[in-house]
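Side-chain atoms are counted along with the backbone in the values below, which use heavy atoms only and exclude waters and symmetry mates. The sequence lines fix the lettering, A, B, ..., with proteins before strands; numbering per chain opens at 1.
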2 protein chains.
Amino acid sequence: MSPRRSVAEARRTRERILDRGIAIASVEGLEGLTIGRLATDLGMSKAGVLGHFGSKEALQLAALEEASAIFNRVVWEPAAQLAPGLTRLRAVCERWITYLEREKGAFPGGCLFTTASMEFDARGGPVHDAVARLFLVWRRRLAHEVWLAAAAEELPRETDPQQVAFELMGLYMVLNQSVQLIGDASAPDRTRRAVARLLGGGG
Amino acid sequence: MSPRRSVAEARRTRERILDRGIAIASVEGLEGLTIGRLATDLGMSKAGVLGHFGSKEALQLAALEEASAIFNRVVWEPAAQLAPGLTRLRAVCERWITYLEREKGAFPGGCLFTTASMEFDARGGPVHDAVARLFLVWRRRLAHEVWLAAAAEELPRETDPQQVAFELMGLYMVLNQSVQLIGDASAPDRTRRAVARLLGGGG
DNA sequence: CCTACCGATCGGTAGG
DNA sequence: CCTACCGATCGGTAGG
């Protein structure tokens with residue numbers, strides 16, 4: 001019953017804060033992720049929440065990092081073991097759709113990264129840099145996967161991996177928007193159709 | 001020197017507020033568009049600013065409406081006089097790119113509508129509804145233009161106008177993000193290439 | 001991890 | 001269109 005807790009307990013609390021923080025941020029944005037809101041939701045004091053991170057900016061960066069780990073766990077890792085090339089790329093794209101779907105999606109308010117990218121795209125600072133880096137890394141990974149598929153001659157020789165990665169990013173942004181803003185139930189299938197055309201699966 | 005101004009002066013002040021408000025909202029979002037910030041920027045009192053709209057929500061709705069008028073003036077109207085079909089659609093797409101470019105773009109912080117759509121996509125209320133409506137209307141207009149082009153046999157018979165409109169939205173969202181978040185100078189040309197492929201102009 | 005507190009800013013109102 | 005003010009909330013600190 002002492003206010004001092006063990007290291008393990010403190011770590012569990014930190015995880016609880018981040019889980020809740022990611023849920024809030026996916027709905028309200030990383031700026032809308034306030035310490036007071038977190039404290040109320042978790043039945044803690046503001047100082048108790050803040051003590052785990054030191055500042056709101058550090059909290060935002062930690063939430064981004066944790067969300068990135070979830071994204072990797074849901075979208076990338078289950079496909080990582082598949083054969084490199086078109087098989088794996090298609091599996092990633094399918095998991096990416098699930099990640100964004102209304103009920104099955106990882107975050108209640110839609111893709112946290114896309115929201116954050118719009119929030120911070122006209123500002124400087126560490127959070128902007130972290131968000132930009134996450135998008136760059138993901139785009140590079142996608143382009144690399146496309147390159148592997150082209151190298152295996154599963155895609156036409158003239159395929160431009162960066163171009164395909166660029167277009168894939170667009171498809172998933174409009175998918176996220178259609179699902180969240182408009183509740184468009186046809187968006188996942190539209191995305192599948194566009195991906196199939198882009199990756200030579202039909203059309 | 002009386003605090004009461006003429007109707008014409010009041011209208012000019014309202015326009016000044018909205019111009020500045022759109023610039024702020026494109027950078028900070030519609031929630032970051034605060035009455036105090038507007039008042040400071042314009043050398044007015046908060047009450048003076050608020051008096052023109054009545055509430056922050058009404059200010060947000062007015063800013064959206066004004067931004068929508070600008071979008072139409074920049075992207076749609078100059079192309080509206082062209083021949084319906086592929087000619088006009090391509091002109092719209094090219095103007096849409098210019099609207100989003102870093103230096104030539106209409107708003108300093110990038111597309112205000114995309115930012116607002118992410119901000120409000122997990123909330124209810126009049127602002128959410130207004131943003132959703134703007135996107136629906138624009139997508140319908142794009143689909144209609146595609147339909148006209150297909151009806152004139154400038155696009156293949158099996159073209160799905162709604163699918164093409166969906167994919168166009170995605171391309172312009174990733175263009176906006178690439179320009180604002182990452183400063184990707186190749187994004188406009190990548191968009192042109194993807195649009196050309198989508199509208200049968202090459203590739 | 002808490003209580004108690006800080007100055008700053010938020011949206012909005014009263015009254016002129 | 002102003003001054004003067006309201007309660008609420010913001011991020012953060014002191015001290016334990």
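For the pair R141(B) and W76(B), the cation sits on the ring face: its NZ or CZ lies under 6.0 Å from the ring centre, inside 45° of the axis.
In a base pair of the Watson-Crick type (N1 to N3 plus N6-O4 or O6-N4) or a G-U wobble (N1-O2 and O6-N3), with each distance short of 3.5 Å, dG16(C) is matched with dC1(D).
Taking atom CZ of residue F53(B) and atom P of nucleotide dC1(D), one finds them 10 Å apart after rounding to whole Å. If you measure from atom CG of L50(B) to atom C1' of dG11(C), you get 7 Å, rounded to the nearest angstrom. Rounded to whole Å, atom C1' of dG12(C) lies 14 Å from atom CD of E57(B). One can place CZ of R12(B) at 10 Å from P of dC1(D), the figure rounded to the nearest angstrom.
Taking the nucleotide of DNA chain D with the nearest heavy atom to each of I17(B) and K46(B), the more 5' of the two is matched to I17(B). Nearest-nucleotide positions on DNA chain D place G51(B) closer to the 5' end than the other of I35(A) and G51(B).
Residue L38(A) comes nearest to G21(A) through the heavy atom pair CD2-N, 3.7 Å, listed as atom of the first residue, atom of the second, then distance.
Between M118(B) and Q180(A) there is no side-chain heavy-atom pair separated by less than 4.5 Å.
Base contact: S45(B) has a heavy atom under 4.0 Å from a base atom.
Heavy atoms of other residues, nucleotides or ligands lying less than 6.0 angstrom from CD of E77(B) number more than 12.
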